[in-house]
Asks: 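Before I ask anything, let me first share the structure, which is written out below as structure tokens.
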Amino acid sequence: MHDRVTIPKLIVGELPELKGHARDLRIDACRGIALWWIFLDHVPNNIGSWLTLRNYGFGDAAEIFMFVSGVTCALAYGKAWRCEGWTAVIRRTLRRSFDIYVAFLLLTLACAILVHLTGGGRLADESNTRILLDHPGATLAHAAILQYRPVNTDVLSIFVLLHLLFAPLLWLLLRLPNVTLGASLALYVLVHVFGWTVPAWPSGHWAFNPLAWQLLVVLGAWWMLEEKRVRPWLTSRTVLGLAVLYLLFSLVIALSWRIKPLEALIPQALAELHPLDKSNLDPLRLLHFLAVAVLAAWFVPRNWRGLSTPVMRGAICCGQNSLPIYCLGVLLAFAGHMALFDISDGLAMQIAVSLVGIAAMIATATLLNLVSIKPRQR
């Protein structure tokens, strides 16, 4: 309790969003839609991926998911700090990090079992589980220290690290928000200049380099604390115009990568942008996300009526159960891949895999809410 007493009043005043206001359903909706899009993008050669951001610009759902995670961390741990002090924040970040760590290990085992039951083969190579099936002891040891990850599970290992470090990050953001964001941006720049990364095994490659992608989490937490100061600038017509122009530019370039007649109209220098570096969060991807965020700030108000539609209610439900639904989405993507590979890869099957997968995610999230799995829902 003593750490709460010594908190300056000025800092407490910087957290108006945490003083009991109603939950902002836009956050859950964004996270839920991002989970759907991630699932659709993870199924190879899937027509459903044309419903996501990936084919219409430089970025995809990963940026949204990371940013919204920073927002929700600032909300949840900021509230714990106001109510119970730093001891509670540290305790909760450690517990959440452990939960994600256990989920990552269980998901790794589930992926290996699923691939083994299908006979391995091509799926084992494409899912990066071949080495786990051939050398389980060494591979599980590296997975235990987050150096090995099957395909599509990298996000969980990043969140293990970020939740471990979120207590000191929140402490810095409350006292020096702009300096903290500047330091995060500086680290991002250094990653691109010197190629810094975190050790991985066996290839040394991270699909999401934590040293680069941390910027979006920090940006989300910073935005939650500084929203009132930044919103007038973000909602200016000049910024909106620049965002729209950049999104149109990225739309044309991204479509040219997939539509041959359009490719001939694009200058060679721009055509060679593909593929963008997703591992280190290419600056063009970062700018694309910021442009999308500007449009969301303009056209999706807090009381947006669309949030009450059945589709958005399903997205909100998934967003409120992001960890189990993300894990389920990974397994559904594996199952969808097998269905397209072993049964049929026709258009009807692609549509069926997409619809069944999203329906399963919504049904599971609804069930989790009904049985009140989360302690805070009790």
Asks: With a 4.5 Å limit on heavy-atom distance, are the side chains of His163 and Asp99 in contact?
Replies: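 No. Closest side-chain heavy atoms not under 4.5 Å.
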
Asks: Can you confirm if the NZ or CZ of Arg149 lies within 45° of the ring axis of Trp201 and under 6.0 Å from the centre of its six-membered ring?
Replies: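 Output no; distance or angle outside limits.
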
Asks: Any idea how Trp50 and Tyr56 line up, ring-wise: parallel (<30°), tilted (30 to 60°), or perpendicular (>60°)?
Replies: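 Ring orientation of Trp50 relative to Tyr56: perpendicular.
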
Asks: Can Arg237 and Trp298 be said to form a side chain to side chain contact (heavy atoms under 4.5 Å, CB included), step by step?
Replies: CA-CA 10 Å; Arg237 294 187 179 275; Trp298 264 84; 4.0 Å; yes

Asks: Is any side-chain heavy atom of Thr180 closer than 4.5 Å to one of Trp222?
Replies: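 When only atoms from C-beta onward are counted, Thr180 and Trp222 do not touch, as no gap falls below 4.5 Å.
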
Asks: Answer whether the closest heavy-atom distance between the side chains of Trp213 and Glu63 falls below 4.5 Å.
Replies: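 Contact flag for Trp213/Glu63 side chains = yes.
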
Asks: Which of parallel (below 30°), tilted (30 to 60°) and perpendicular (above 60°) describes Phe58 and Tyr246?
Replies: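 If you compare the ring of Phe58 with that of Tyr246, the planes turn out perpendicular.
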
Asks: So, Asn45 versus Asp345: side-chain donor-acceptor pair below 3.5 Å or not?
Replies: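 Distance-only check fails for Asn45 and Asp345.
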
Asks: Do the side-chain N and O atoms of Thr52 and Asp41 include a donor-acceptor pair separated by under 3.5 angstrom?
Replies: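 Indeed, the side chains of Thr52 and Asp41 share at least one donor-acceptor pair under 3.5 Å.
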
Asks: More than 12 heavy atoms of other residues, nucleotides or ligands under 6.0 Å from NE2 of His116: yes or no?
Replies: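 Incorrect, the count does not exceed 12.
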
Asks: Just jot down the ring-ring contact (aromatic ring centres under 6.0 Å, His included) partners of Phe104, sequence neighbours excluded, or say none.
Replies: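 Per chain and number, Phe104 pairs via ring-ring contact (aromatic ring centres under 6.0 Å, His included) with no residue.
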
Asks: Under 4.0 Å between a Lys/Arg side-chain N and an Asp/Glu carboxylate O for Asp60 and Arg285?
Replies: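 Counted as a salt bridge, because a side-chain N and a carboxylate O are separated by less than 4.0 Å.
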
Asks: Determine, using ring centers only, whether Tyr101 and Phe159 are less than 6.0 Å apart.
Replies: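 No, the ring centres sit 6.0 Å or more apart.
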
